[in-house]
Amino acid sequence: MGISFEILQKDIAARAGRLKVGEKTIRTPALLPVVNPHLPLVTPREMQEMGVEAIITNAYIFSKSAEYRERALSEGLHKVLDFDGVIMTDSGSFQLMVYGGVEITNLETVSFQKAIGSDIIVPLDIPTTPDADRERAEKELAITLSRIREAREHLGPDAQMAGPVQGALFPDLRERSARAVQEIGFDFCPVGAVVPLMENYRYKDLVDVVLGAKKGLSPATCVHLFGAGHPSMLALGAAMGCDIFDSAAYALFAKDGRYLTTYGSLKIDELSELPCPCQVCRSHTAEELKKSPDRVRLLALHNLYVTLAEIARIRQAITDGTLWELLDLRCRSHPRLLEGYREFLRQAQDLEEQDNVSKRRFFYQGSESCMRTEVVRYHAMVERFTLGPRVLVAMAGKAPGDYDDILFFKPPFGPYPEGLSETFPIGQSEVPSWDEDMMRAGCRGIARLVETHPESTVSVLCPVEWAAFVRGELPGVEVLNADTI
Ligand code: GUN
Ligand code: ZN
C-alpha cells in the first residue's frame, strides 16, 4: 500500500510511468484538474469520461463549508464528488500564501484529509513566496519540514501522503529541502510556491527552482509541480522531470473569458474562429460560444480538453524520444518561456547523464538545438575515437589519400568516423543547410577531438565559403579549402 512510482520510459529528464496510489493506478505525466466543490464548472464525473484518472481538491474548503464538511466526513470524498479515481487533497497552504492566514493546524488538516478518505494527503506546508530573503526562506522551511515530519509521525509510514519541497528562489535550499523531505520518507514530492513564478512568466526562475529540487530528490521519486497547468509550459515541466501537474487554469481562464491553446491564451471575444479539434469547438462557431449562456462552462471544457491533449502528446513524445522537439516548439510561443528553455539548456550538461543514449531522431530547429543533450554527449564521446598520427576531418570534397584516418563531419555534432554514419545521432539527424550556430557547435566537436588526441595532428578540409569561419573557430588547426585540392 502507500504510494509507489514505476518509470516505464524516459526522454531528457522526463518520464512516462505509473503512479500507484493504494489500489489505484494513474499514468504519468498526469494532469489533476482542480475541483472546487462549490463551483464545479466541469463535474468530476465528466472529467472521468474525458480520461482524467486523478483530480485535486481543497480540503480546507471542505473543512470550512457548512454544506460539505459533514457529508465528506460521513459519506467520504469520493461519494460527495462522484469520482472513483484518485483524489488528492490540498491542505489550505495555498490559501495561506494568497490570503496570508488559515484557521487550521497541521494535525487538524491531515487528520481531516484522512477522515474524508483522501488518496493523497498534503501537510500544511508554508509556500514561501519568491520575494522572500534567505533568512525568511530558511525559517519557513524549518517549519514546513517539522510539519511534514509531524504529519508522517502522526499518520504512520504507510499513509498516502505528499512531501512538499519549499525553499523560495534559493536552488540550494530547494535541494536541501528535497533531500530532507526524501529522508523523512516520501515517494511523492510536490515542488511548491511556484504559482507566482508562472503567473509572472518567471520561467527562468522556475527552471532554477525545479532543477534545484530535483537534485535533492531520488530519480525514483514522483514529482508534482504544484499549480502548473497551462498547456504551453507542460512540456518544459515534464522535460525537467515533473510527473504530475494540477490545473485550476482551465477554470480560472474560462471565468476570465480566455481560451487556452498550447501557444498561449486568447481572449474569446477577439476570436472569429475556434482553431481546435475538441468537441466544444467543433460543435460551436466562435459567435455561438461567445453568446452562449453556457459560455464559461464551455470554455472550461475546451480548456480542459486542450490541456489533457497536451499531456497525451507529452506522454507520446516521451515514448517516441521526441520531447526535445515538442519542447522547442512550445517554448517559442513566448519570449519568457524561451528564456526558461535556454536556462534549461544551459543545465543540459547535468541532464545528459539522464537522457537516453539512442533515440529515434534529432531534428535541428535552430541555435537552441546546439545545446541539446545529444550534442553535449556527442562532444564527450569524441574523446574515445582511436586515431593515428595524421587525421583529416573532411567537411566536404574528396579527401586526399595520405592520412591515417579520415573523419567526416556533421554539424552541430562534429567529426565522425564512417562506422558511426548509420548510428544515432549522426545517422538519424536531420539538419538544414549549415548555419553559423550549428557550425560553431560542430567546430567545438573538432576542438574536443584536437584537445583529447595530443598525439594526432588534425587538419580540416572545408568548403571554401566556410573556411574563414572555421579558421576563426579553430585557431592553430590547419584548414584546407576543399575545392583547391
Ligand atoms: N498549491 C500551489 N502551490 C502550493 C504549495 O506550495 N503548497 C501547497 N500545499 N499547495 C499549493
Ligand atoms: Zn476546443
Side-chain angles (χ1 to χ4, degrees), residues 11 320-322 324-325 348-349 352-353 355-367 369-485:
D11 192 16
D320 289 345
T322 55
W324 272 122
E325 279 119 41
Q349 211 83 39
E352 183 263 325
E353 295 158 25
D355 203 2
N356 297 329
V357 173
S358 186
K359 298 198 188 188
R360 176 178 298 216
R361 65 178 201 215
F362 177 106
F363 278 2
Y364 183 82
Q365 290 176 308
S367 62
S369 299
C370 300
M371 294 163 77
R372 281 172 54 162
T373 38
E374 295 92 337
V375 179
V376 172
R377 171 168 292 156
Y378 193 86
H379 288 170
M381 188 192 65
V382 158
E383 177 186 333
R384 302 206 298 269
F385 293 171
T386 308
L387 298 176
R390 299 193 61 214
V391 178
L392 181 74
V393 178
M395 289 182 169
K398 194 164 156 30
D402 49 350
Y403 287 91
D404 300 301
D405 285 290
I406 308 263
L407 301 176
F408 301 96
F409 178 80
K410 187 164 193 180
F413 306 105
Y416 67 92
E418 188 165 18
L420 291 186
S421 63
E422 304 285 317
T423 64
F424 187 84
I426 301 297
Q428 287 77 33
S429 45
E430 288 276 351
V431 172
S433 52
W434 296 358
D435 64 41
E436 292 198 354
D437 289 313
M438 70 168 90
M439 285 300 282
R440 197 169 290 118
C443 287
R444 271 207 306 281
I446 299 177
R448 281 288 298 158
L449 189 78
V450 172
E451 273 163 41
T452 54
H453 295 80
E455 311 287 303
S456 304
T457 306
V458 178
S459 304
V460 177
L461 185 63
C462 179
V464 65
E465 67 272 26
W466 283 101
F469 182 87
V470 171
R471 282 192 187 102
E473 291 298 310
L474 297 170
V477 173
E478 183 187 33
V479 178
L480 311 162
N481 285 348
D483 48 0
T484 57
I485 284 183

### Task
Kindly compute the distance separating CD1 (Ile406) from CZ (Arg390), expressed to the nearest 0.5 Å.
9.5 Å
### Message
Just to verify, which of Val479, Leu480, Asn481 counts as forming a side chain to side chain contact (heavy atoms under 4.5 Å, CB included) with Cys462?
### Response
Val479
### Query
What distance do His379 atom NE2 and Leu449 atom CG have between them, rounded to the nearest 0.5 Å?
10.5 Å
### side chain to side chain contact (heavy atoms under 4.5 Å, CB included) between Trp324 and Thr373, worked out
CA-CA 9 Å; Trp324 272 122; Thr373 38; 2.8 Å; yes
## Note on the structure
Tightest non-hydrogen contact, residues Val431 and Pro411, listed as CG2-O, 3.5 Å
### Task
Kindly give the heavy-atom pair with the smallest separation between Asp437 and Ser367, and that separation in Å.
OD2-CB, 3.2 Å
### Task
Kindly compute the distance separating CD (Glu418) from CG (Leu407), expressed to the nearest 0.5 Å.
11.0 Å
### Task
Look at the side chain of Ser459 and the backbone N and O of Leu392, then say whether any donor-acceptor pair between them is shorter than 3.5 Å.
no
### Task
State yes or no: are the ring centers of Trp434 and Phe409 separated by less than 6.0 Å?
yes
### Query
Quick one: do Arg444 and Glu451 make a salt bridge, cutoff under 4.0 Å?
no
### Message
Ignoring hydrogens, what is the shortest heavy-atom contact between Ser456 and Val391? Give both atom names and the distance.
### Response
CB-CG2, 4.0 Å
### Query
Is there side-chain contact between Ser369 and Val375, with at least one heavy-atom pair below 4.5 Å?
no
## Note on the structure
Rounded to the nearest 0.5 Å, the OG atom of Ser358 sits from the CZ atom of Arg377 at a distance of 9.5 Å
### Query
Sub-3.5 Å donor-acceptor pair from the side chain of Asp404 to the main-chain atoms of Leu387, do we have one?
no
### Task
Step by step, work out the side chain to side chain contact (heavy atoms under 4.5 Å, CB included) result for Glu325 and Asp320.
CA-CA 11 Å; Glu325 279 119 41; Asp320 289 345; over 6 Å; no
### Message
Looking at every heavy atom in both Cys443 and Leu474, which two are closest together, and how far apart are they?
### Response
O-CD2, 3.4 Å
#### Entry: Qualifying residue for salt bridge (Lys or Arg N to Asp or Glu O under 4.0 Å) with Glu374, from Lys410, Arg361, Lys359
Lys359
### Task
Locate the shortest heavy-atom distance separating Pro417 from Phe385; write the atom from each residue and the value.
CD-CZ, 3.6 Å
### Query
Got a second to check how far Met438's CE is from Phe413's CZ, nearest 0.5 Å?
10.5 Å
### Task
For Ile426 and Leu420, work out which heavy atoms get closest and say how close.
CB-O, 3.5 Å
### Query
According to the interplanar angle, ranging from 0 to 90°, do the rings of Tyr416 and Phe408 count as parallel (below 30°), tilted (30 to 60°) or perpendicular (above 60°)?
tilted
### Atom CZ of Arg360: over 12 foreign heavy atoms under 6.0 Å
no
### Query
Hey, what do you get for CH2 (Trp466) to CD (Glu473), rounding to the nearest 0.5 Å?
10.0 Å
### Message
Could you check whether any side-chain heavy atom of Asp405 comes within less than 4.5 Å of a side-chain heavy atom of His453, counting everything from C-beta outward?
### Response
no
### Task
Determine, stepwise, if the pair Tyr364 / Asp435 fulfils side chain to side chain contact (heavy atoms under 4.5 Å, CB included).
CA-CA 11 Å; Tyr364 183 82; Asp435 64 41; 3.3 Å; yes
#### Entry: Stepwise side chain to side chain contact (heavy atoms under 4.5 Å, CB included) check, Ser429 with Phe424
CA-CA 8 Å; Ser429 45; Phe424 187 84; over 6 Å; no
